[in-house]
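Right, one structure below, let's go through it.
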Number of protein chains: 2
Amino acid sequence: MLATMNTCTITKLARAFGLSRSTLLYYDRIGLLPPSGRTAAGYRCYTQRDRQRLERICHFRQAGLTLADIRTLLSSSGKPNAKLLERRFRELGGQLLELRSQQRLLASMLKGVAAGKCPPAVDRVMWVKMLRAAGMDDRAMGRWHTEFERRAPDAHQEFLVSLGIPESEIQRIRKSSAEGAW
Amino acid sequence: MLATMNTCTITKLARAFGLSRSTLLYYDRIGLLPPSGRTAAGYRCYTQRDRQRLERICHFRQAGLTLADIRTLLSSSGKPNAKLLERRFRELGGQLLELRSQQRLLASMLKGVAAGKCPPAVDRVMWVKMLRAAGMDDRAMGRWHTEFERRAPDAHQEFLVSLGIPESEIQRIRKSSAEGAW
DNA sequence: ATTGACCTGTCTATTACTTCACAGTTTAGG
DNA sequence: CCTAAACTGTGAAGTAATAGACAGGTCAAT
């Protein structure tokens, strides 16, 4: 008899929050989320309070804070400590820029592959498929062209040509991209 | 006498590529970038070829490939292996989405802080400052509003109100955001 | 009671580094 | 020539956030 109606075991808690058992074990080990009790058999017993704490933890994790930061936030509870948030926000901005540059870089690499010796049939259709697979919708794809046009117009032109897109459509795309009118 | 004009020491190489000495030591240890030679004293001697290899490594790292993948790419040189790139591209798309959601979340948290008890004077000016500090330019800020409006119109409204922006301007901003006309 | 599925705890491995400690080497200045 | 700073090497240990292996515990159905 474990669940006294209000407690739950580690795997159940993990599933409820979309985490892995290992993660909760880890959180226990570092003292971030020790279960309120144990059963006779030594099983961890998580209470409602534990669940609430975990919810806050997940919330902060979602926002990308480190466990150390979260510990600080939870212990010095009350004070929102906007400094931490602001710092993280700044970091996020950098990360976004970095990711976008990665994407551009990868794009050019794939372009190189497509244009180079080993042409794995990366034509327009294939590209659109890949971009969709990467989670892009039409709007995002428009933004992608806009970014490409803004940062590297020449490469953008080259890229479109490499996809075998007719000149007339290239003009249209680049014009739209330049205006950001998506 | 170390530098025979074409070789350089570990720290110099590290500085040239914006890496730490430890990183290069690590790359040597795992056999990813062993220096071409050593001085009599045993100091690592990096040649031009080593630098080129490191440049490729950095290039791939920039794109987010793991060192294992990079090793594969560099050893099976020639074959572009578009599979790896494509896979990474997919991952990137996911990461970008994730980051954007983080940003939104953080935004709402900061909003809460601003609206809540501990008001660290997060008004409009402060926000713009923060967003700029996060690397946003006007265009990016427009996109940010657009995203906000698209995904959470109510929260967007609330947010703008919380910044003390007059109703008339809020209308204007939200209308523009909805159209994505930035 | 027993089987089999699923659960538990602990311990170890992973990635890409970083930090540390300690001893030898090079270099610039006096 | 000497000394102090700055560099070098090795090796060990630490980091985040899990993932996986493993032996054993628990539970529902038979």
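Treat the numbers as computed from the prediction; the structure is a model and nothing was measured. Order of the sequence lines fixes the chain letters, A, B, ..., with proteins taken first and strands second; residue numbering starts at 1 for each chain.
- Taking only distance into account, the side chain of R21(B) meets the base of dG9(D) through a donor-acceptor pair shorter than 3.5 Å.
- Between the R71(B) side chain and the I30(B) main chain, a donor and an acceptor come within less than 3.5 Å of each other.
- The CZ atom of F17(A) sits 4.5 Å away from atom CG of L54(A), with the distance rounded to the nearest 0.5 Å.
- With D50(A) contributing its side chain and T47(A) its backbone, the two residues share a donor-acceptor pair below 3.5 Å.
- Paired with I57(B) under the rule side chain to side chain contact (heavy atoms under 4.5 Å, CB included), one option of L65(B), I70(B), L19(B) passes, and it is I70(B).
- Position along DNA chain D of the nearest nucleotide to L25(B) versus R15(B) favours R15(B) as the more 5'-ward residue.
- Under a 3.5 Å cut-off, the side chain of R53(B) and the backbone N or O of L32(B) do form a donor-acceptor pair.
- What separates OH of Y26(B) from C1' of dA13(D) is a distance of 15 Å, to the nearest Å.
- Minimum atom distance to the side chain of R44(A) is reached by dT10(C), of the listed dG24(C), dT10(C), dA19(D).
- Among the nucleotides dT26(C), dT18(C), dA19(D), the one closest to any side-chain atom of T23(B) is dT18(C).
- Both A41(B) and T66(B) lie near DNA chain C, and the one whose nearest nucleotide falls closer to the 5' end is T66(B).
- Spacing between atom CZ of R29(A) and atom P of dG9(C) amounts to 13 Å, rounded to whole angstrom units.
- Contact annotation: side chain of S22(A) to base of dA19(D), donor-acceptor pair present below 3.5 Å.
- Contacts of R61(A) with the nucleic acid, taken as non-hydrogen atoms under 4.0 Å apart, involve only primed sugar atoms and P, OP1 or OP2.
- To the nearest angstrom, P of dT10(C) lies 8 Å from CG of D28(A).
- Rounding to whole angstrom units, CG of residue L67(A) and P of dT18(D) are separated by 8 Å.
- The OH-P distance, from Y27(B) to dT15(C), rounds to 14 Å in whole Å.
- In this structure, L19(A) atom CG and dA17(D) atom P are separated by 12 Å, rounded to whole Å.
- We find that CZ of R71(A) is positioned 13 Å from C1' of dT15(D), with the value rounded to whole Å.
- Here dG9(C) presents its C1' atom at 14 Å from CG of L24(A), a figure rounded to the nearest Å.
- Nucleic acid contact class of I10(A) (heavy atoms, under 4.0 Å, all strands): sugar-phosphate only.
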